[in-house]
Chemist: 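My questions will all concern the structure given below.
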Amino acid sequence: MTKQFNKNIILGISGGIAAYKSANLVRALIKAGANVRVCMTDAATKFITPLTFQALSGNPVHTDLLDSHAEAAMGHIELARWADSIIIAPASADIMARLAHGMANDLLSTLCLATEAPLYLAPAMNRVMWENAATQANLHLLLQRDIQILGPDDGEQACGEIGTGRMLEPDEILARLLHSESEQIKQQPLHGKHVLLTAGPTREAIDPVRYISNRSSGKMGYSIAIAARDLGAKVTVISGPVSISAPQKIDIIKVESAAQMYAATLAAAKYADIFVATAAVSDYSTKEFFSKKIKKSDENFQLVLQQNADILSDTSHQFTDLFTVGFAAETHDLITYARNKLERKKLDMIVANPVGEGKGFDQDTNQLEIIWADGQLSLPEKNKQTLAYELMDIIVEQYFKKQKTHSD
Ligand code: CTP
């Protein structure tokens with residue numbers, strides 16, 4: 001069978017008789033290509049043993065939030081990050097209530113709170129419990145938060161009653177997951193594409209304790225990386241030293257100097273479809289590195305600098321199929337300089353932003369002027385993440401336009 005579901009899945013199992021069906025769900029998910037890790041609530045282990053799921057999934061089963069041994073192997077945060085999707089089947093009335101109210105009083109509920117992955121619940125409970133106003137109110141809250149509810153089904157229940165509350169059959173759960181994933185892919189135009197970015201400042205060492213750098217915080221670059229990720233792209237950021245934390249599901253390659261950023265970018269560019277150069281690369285580095293700390297001596301001290309290679313320009317000239325986007329941070333004559341860089345560096349697009357007098361660097365907001373061969377668009381001052389989403393939409397549009405022109 002061809003792989004249909006090449007994803008990391010956490011299968012959460014809460015306490016309910018339908019837990020026995022989850023054994024088949026593990027098999028169905030693995031057969032469809034998924035890597036499955038099972039997390040059971042305490043109540044679930046009373047219905048079916050963790051050993052069953054360990055044997056079926058080929059992975060240790062996660063049960064305990066406060067187990068130092070398990071935390072040392074793959075801690076709950078690491079596990080929450082690992083998951084591409086979390087599916088809880090069966091989802092009892094109790095786990096629905098706990099998730100609806102943001103509780104984190106066992107491993108499964110903590111994982112759900114700590115993940116950015118989509119969450120799916122396949123409810124299973126007695127029909128009266130399902131119809132109870134409390135469960136329905138919890139369901140409403142969960143749906144409002146885009147948690148996807150698969151089922152429940154109608155029919156005969158383990159308790160002997162007939163009504164709504166049966167867990168969907170494993171094949172049906174899998175079919176709905178696959179459908180939902182393919183709908184998401186349709187909304188992710190960059191699915192299957194690789195976006196490469198440079199971000200942050202560079203540091204050019206003078207001696208073991210001193211360097212030349214700039215005020216770039218990396219915020220704009222990291223915001224664009226998040227926007228590209230949310231549009232479905234695989235994202236790699238070649239990042240200079242920044243203090244912001246790494247966003248989830250983005251590969252960060254840390255570098256210090258312009259030369260290191262150059263090498264890392266050119267190596268990664270051959271796998272990329274779109275390259276966005278947001279880094280504030282130092283134009284110069286010291287000609288000589290002083291291996292010992294420079295001591296104070298004469299009144300004047302001269303440092304000889306040499307020009308660094310242009311990462312963006314060399315990348316765009318070497319990888320002509322790559323859609324290249326440059327940034328132009330300018331204190332004056334914004335459009336003129338930006339247009340000049342668009343042509344000189346052979347770019348598909350340039351994003352100009354004013355800097356200085358409290359603008360641009362190390363700020364939460366920015367304003368952008370986006371220029372390409374036959375178009376121009378202004379994005380007025382907004383927070384950097386909103387701007388990043390709007391900019392990525394324009395990049396996507398122009399990228400596909402270029403692809404189409406090339407294939408015509
Ligand atoms: N850039 C780069 N490598 C360099 C210098 C700049 O990749 N060595 C990229 C930046 O990431 C940015 C764009 O080129 O996307 C423009 O950077 P900027 O510093 O404004 O341009 P320069 O070519 O350095 O021009 P100038 O300093 O004269 O403004």
Side-chain angles (χ1 to χ4, degrees), residues 195-205 211-225 228 235-242 252-270 272 274-287 305-320 322-356 359-362 366-372 379 384 387-388 391-392 394-395 398:
V195 175
L196 174 68
L197 292 110
T198 58
T202 60
R203 278 182 189 170
E204 311 307 320
Y211 55 78
I212 302 168
S213 193
N214 59 67
R215 292 177 188 278
S216 167
S217 64
K219 268 183 206 148
M220 197 64 225
Y222 277 57
S223 301
I224 296 170
V235 181
T236 304
V237 181
I238 315 291
S239 177
V242 294
I252 309 275
I253 299 175
K254 290 185 182 167
V255 294
E256 291 243 338
S257 66
Q260 288 168 354
M261 188 174 273
Y262 184 95
T265 305
L266 270 91
K270 39 178 152 339
I274 296 172
F275 173 44
V276 188
T278 69
V281 185
S282 178
D283 287 333
Y284 294 92
S285 52
T286 51
K287 203 170 167 86
L305 302 179
Q306 63 187 2
Q307 208 175 92
N308 287 329
D310 193 307
I311 304 169
L312 174 59
S313 182
D314 285 6
T315 306
S316 74
H317 281 86
Q318 201 167 318
F319 299 94
T320 47
L322 193 63
F323 189 90
T324 45
V325 182
F327 265 69
E330 309 286 353
T331 53
H332 58 287
D333 296 324
L334 193 74
I335 305 294
T336 316
Y337 281 129
R339 279 202 183 281
N340 182 283
K341 283 176 193 172
L342 180 77
E343 280 159 32
R344 182 163 44 91
K345 301 198 185 197
K346 202 171 165 296
L347 309 178
D348 294 292
M349 188 180 278
I350 187 112
V351 183
N353 65 298
V355 287
K359 285 185 174 168
F361 279 15
D362 213 8
N366 213 343
Q367 76 188 68
L368 305 178
E369 204 62 51
I370 306 164
I371 304 167
W372 59 100
L379 299 179
K384 287 184 176 174
L387 278 177
L391 171 62
M392 267 320 294
I394 299 164
I395 292 176
Q398 294 306 316

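Numbers for residues simply follow the sequence, beginning at 1. Side chains are part of it too, since the values below use all heavy atoms of this structure and drop only hydrogens, waters and symmetry mates. Quick caveat, the model's predicted, so the values are computed rather than measured. Atoms within a ligand are numbered from 1 in the order they appear, just like the ligands themselves.
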Chemist: Looking only at protein heavy atoms, which one is nearest to atom 16 (C) of ligand 1, and how far off is it?
Modeler: Phe327 O, 2.8 Å
Chemist: Mark yes when over 12 heavy atoms from residues, nucleotides or ligands other than Tyr211 sit less than 6.0 Å from its OH; otherwise mark no.
Modeler: no
Chemist: What protein heavy atom lies closest to atom 8 (N) of ligand 1? Include the residue and the distance to one decimal.
Modeler: Ala309 O, 3.0 Å
Chemist: May I ask you to test the Phe275-Ser316 pair for a side-chain heavy-atom distance under 4.5 Å?
Modeler: no
Chemist: Would you indicate whether the side-chain heavy atoms of Val325 and Trp372 approach each other to under 4.5 Å?
Modeler: no
Chemist: What is the nearest protein non-hydrogen atom to atom 27 (O) of ligand 1, stated with its residue, atom name and distance?
Modeler: Asp283 OD2, 3.1 Å
Chemist: Is any side-chain heavy atom of Asn366 closer than 4.5 Å to a side-chain heavy atom of Met220?
Modeler: yes
Chemist: Would you kindly say whether Tyr262 and Asp314 are connected by a side-chain donor-acceptor distance under 3.5 Å?
Modeler: yes
Chemist: For ligand 1, which atoms have a heavy atom of Gly326 less than 4.0 angstrom away?
Modeler: 15 (O)
Chemist: Could you tell me, atom by atom, which parts of ligand 1 come under 4.0 Å of a heavy atom of Ala279?
Modeler: 10 (C), 11 (O)
Chemist: State if Ala258 counts as touching ligand 1 under the rule of any non-hydrogen atom under 4.0 Å.
Modeler: no
Chemist: Using heavy atoms and a threshold below 4.0 Å, how should the contact between Ile311 and ligand 1 be classified: side chain, backbone, both, or neither?
Modeler: both
Chemist: Select the closest option to atom 29 (O) of ligand 1 among Met261, Lys345, Lys341, Glu330, judged by heavy-atom distance.
Modeler: Lys341
Chemist: So for atom NZ, which belongs to Lys254, do other residues, nucleotides or ligands contribute more than 12 heavy atoms lying within a distance under 6.0 Å?
Modeler: no
Chemist: Side chain or backbone of Ala280 under 4.0 Å from ligand 1, or both, or neither, by non-hydrogen atoms?
Modeler: neither
Chemist: Roughly how far apart are Leu322 CG and Leu196 CG, rounded to 0.5 Å?
Modeler: 7.5 Å
Chemist: Check whether any side-chain heavy atom of Lys346 lies under 4.5 Å from a side-chain heavy atom of Ser313, and answer yes or no.
Modeler: no
Chemist: Please list, in number order, the atoms of ligand 1 under 4.0 Å from a heavy atom of Ala277.
Modeler: 11 (O), 12 (C), 15 (O)
Chemist: Which option, Leu312, Val276, Thr202, owns the non-hydrogen atom nearest atom 7 (O) of ligand 1?
Modeler: Leu312
